[in-house]
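Convention: sequence-line order gives letters A, B, ...; per-chain numbering from 1. If you're wondering where the values come from, they're calculated on a predicted model, not measured in any experiment.
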Amino acid sequence: MNPVVQVKDLETTFFLKSGPFRAVNKISYEINQGETLGIVGESGCGKSVTSFSLMRLIEKPGKVTGGEFTLNGKSILGLDERQMEDVRGGKMAMIFQEPMTALNPVLTIGYQMDEQIKKHLKLSPKDSRDRAIEMLQLVGIPSAAERYESYPHQLSGGMRQRAMIAMALSCNPEFLIADEPTTALDVTIQAQILELFQSIQEKMKMSVQFITHDLGVISEVSDRTLVMYGGQMCETGNTQDILNSPRHPYTAALIQSRPKMGQRVNRLKTIEGVVPAPHEFPKGCPFANRCGRVQPECWTTKPRLTTVTGYDKRAVACFNPL
Amino acid sequence: MINFILRRIVQTMIVIVILSYVCFGLMSLMPGDPVELMISANPKITAADVARLRSFYGLDQPVYKRYFNWVSDIATGDLGYSRTYRIPVEEMMGPALGYTFILSITTLLFSFAVAVPLGIISALRPNSRIDYTINLFNFAGISMPSFWLGLVLIIIFAVKLKWLPASGFQTTGMEYDTYWDEFVDKGKYLILPVLSLSIQSIGRFSRFTRSSMLEAMRNDFIRTARAKGLARNVVVWKHGFRNALIPLITIAALSLSSVFSGALITETLFAYPGAGRLIYSSIMGNDYNVAMVSFLISVSMVLIMNLMADLLYGVVDPRVSYK
């Protein structure tokens with residue numbers, strides 16, 4: 001069976017006044033039906049830009065400058081704006097980070113759901129209302145019919161994120177992009193939302209791209225993981241393999257920065273240095289200036305993603321892997 | 001909701017009473033009084049006559065007593081009469097206010113009809129050539145004095161091209177067979193004054209629309225709406241403009257409050273029989289009754305329109321609740 005999502009050598013460039021900046025640099029991955037790919041990396045590593053590139057929602061001065069993206073064999077990057085409108089929210093949906101601001105404050109939850117349902121499923125007003133309420137129930141919103149009439153500010157953060165999920169799932173997407181859907185929520189709500197996520201995915205059998213900077217969340221939800229830094233892929237493979245035996249020094253450093261259960265330390269470990277400004281990344285490996293295992297060639301040549309033997313679908317881009 | 005409106009109306013009444021007393025006091029502080037104007041034309045008048053006239057008009061009484069008398073007259077519907085023109089205030093001001101209202105409301109509607117689309121166009125393409133062009137026009141409009149523009153318009157359209165009348169409000173001695181004829185004839189006289197008054201407000205409103213629309217389009221929910229696959233114009237109007245409307249309502253309501261105040265210079269320039277000139281001359285000529293009624297109208301309009309704006313917020317923004 002072919003993978004639902006195929007991304008190959010995706011490149012997104014921002015044409016800034018100071019010169020072009022490649023925010024996403026040759027990213028490739030595949031997601032099978034019912035599978036979840038987690039994308040991890042710190043702020044500014046290009047994980048959100050990757051998602052927006054796939055949705056074709058990159059605004060000027062940014063532009064997708066290369067690569068391919070096919071959804072069930074259909075090429076998406078070549079579609080015109082009208083065809084793209086049919087894909088967005090239909091076959092492919094997105095959940096955003098901030099449920100506080102991602103919903104329009106002056107329109108009811110119901111109205112905002114109906115808009116999408118009418119557009120893609122071509123239902124009558126009454127049927128789309130039924131569909132919206134059904135979806136609200138599915139995501140566990142109590143008294144869904146009442147909430148349908150509510151405005152976003154009348155719901156709590158967790159409920160709003162549930163509504164957001166209901167909205168994204170309302171037109172049976174084949175591919176769902178979740179851009180840090182739990183980051184803005186507190187931990188108990190986070191756990192509920194993650195659980196909801198998994199149960200729905202099991203029911204609806206869609207492919208999910210789950211973006212987060214939280215390794216705990218990744219280990220919870222994703223089958224496979226892609227680690228990004230500076231717009232490039234560091235490492236990819238099964239989530240458990242990556243968490244148990246990281247190969248890329250960046251992945252290893254990320255894992256070491258986490259607090260460990262039952263261990264009290266005065267200071268958490270951090271990765272030395274800071275992410276460079278857009279135009280100050282090393283010419284070779286973007287992580288070279290912060291890496292403990294840096295080699296002379298890391299500064300001059302970009303490491304290529306190479307398969308790691310002994311694992312299922314595992315690859316790392318490093319000259320001196322662990 | 002009802003509670004809120006009632007409370008606001010009571011508040012508004014109190015503010016009107018306080019402000020009218022302040023206005024009344026200010027009027028009486030102005031140098032000279034009506035009697036001085038009367039006697040200046042009559043050299044034979046004696047000091048005893050002056051005292052008699054002062055007490056006859058009640059001008060020898062303290063301000064608060066005069067204010068109280070004035071209020072009780074107003075309350076019974078008696079607005080008094082103009083000392084300068086010697087006719088009842090309502091007879092004199094009624095038609096002028098009507099003309100001013102027509103001129104201002106046309107100006108306002110026209111300005112909004114032009115400014116809002118211009119503002120939206122420039123907000124949707126910020127820093128593009130069309131944005132800069134509109135901006136240039138806006139600043140030119142804001143900087144141009146309306147009397148100068150009025151003169152230029154008269155020279156071009158009335159004197160050189162002879163397309164439109166230079167002044168007045170209708171063709172003299174004209175009898176109208178139908179309402180349509182009347183509308184067309186009076187409309188012709190409105191075009192130039194409306195144009196010269198609008199240019200400035202178009203500039204202001206359009207800048208304002210641009211900034212609130214830009215801000216609205218920068219919201220996260222605009223991206224959500226796009227991610228749902230909605231067409232661009234749905235995103236712009238339903239999601240963007242709907243939110244940009246909230247700040248626009250304030251400026252619209254505040255502009256509406258000046259529809260009875262008149263535009264002194266433009267009305268004079270076009271010999272338009274509006275209230276601007278009347279109000280000005282009443283204040284200069286110590287015509288208390290006329291000036292006080294104009295004050296009352298201006299103050300009440302500002303307060304009423306503020307109340308309207310507050311109520312409208314509740315209509316466009318569900319987050320506003322009246323408690």
Checklist entry - Heavy-atom distance under 4.5 Å to chain B: side chain of Q97(A), backbone, both or neither? => result neither
Checklist entry - Does the ring centre of F210(A) sit less than 6.0 Å away from the ring centre of F197(A)? => result yes
Next on the checklist: Please classify the contact between A102(A) and chain B as side chain, backbone, both or neither, with a heavy-atom cut-off of under 4.5 Å.
Outcome noted: both
Checklist outcome for this item: If one checks every heavy atom of M167(A) against chain B at 4.5 Å, the contacting part turns out to be side chain
Checklist entry - With chain B, which of T101(A), V87(A), I95(A) has the greatest number of heavy-atom pairs at distances under 4.5 Å? => result T101(A)
Checklist entry - Is the NZ or CZ atom of R129(A) both under 6.0 Å from the centre of the six-membered ring of Y148(A) and within 45° of that ring's axis? => result yes
Next on the checklist: Under 3.5 Å, is there a donor on one side chain and an acceptor on the other for Y272(B) and T100(B)?
Outcome noted: no
Item to check | Contact leader toward chain A among D317(B), V234(B), L230(B), I222(B), where contacts are heavy-atom pairs under 4.5 Å | outcome: L230(B)
Checklist entry - CD1/I141(A) to CD1/I133(A) distance, rounded to the nearest 0.5 angstrom? => result 11.5 Å
Checklist entry - Considering only heavy atoms, which portion of I246(B) lies under 4.5 Å from any heavy atom of chain A: side chain, backbone, both, or neither? => result side chain
Checklist outcome for this item: Of Q112(A), M94(A), E98(A), M84(A), the largest count of non-hydrogen pairs under 4.5 angstrom with chain B goes to Q112(A)
Checklist entry - Got I121(B) and I134(B) here, is their nearest side-chain heavy-atom distance under 4.5 Å? => result yes
Next on the checklist: I need the minimum non-hydrogen distance between V316(B) and I249(B), along with the two atoms involved.
Outcome noted: CG2-CD1, 3.6 Å
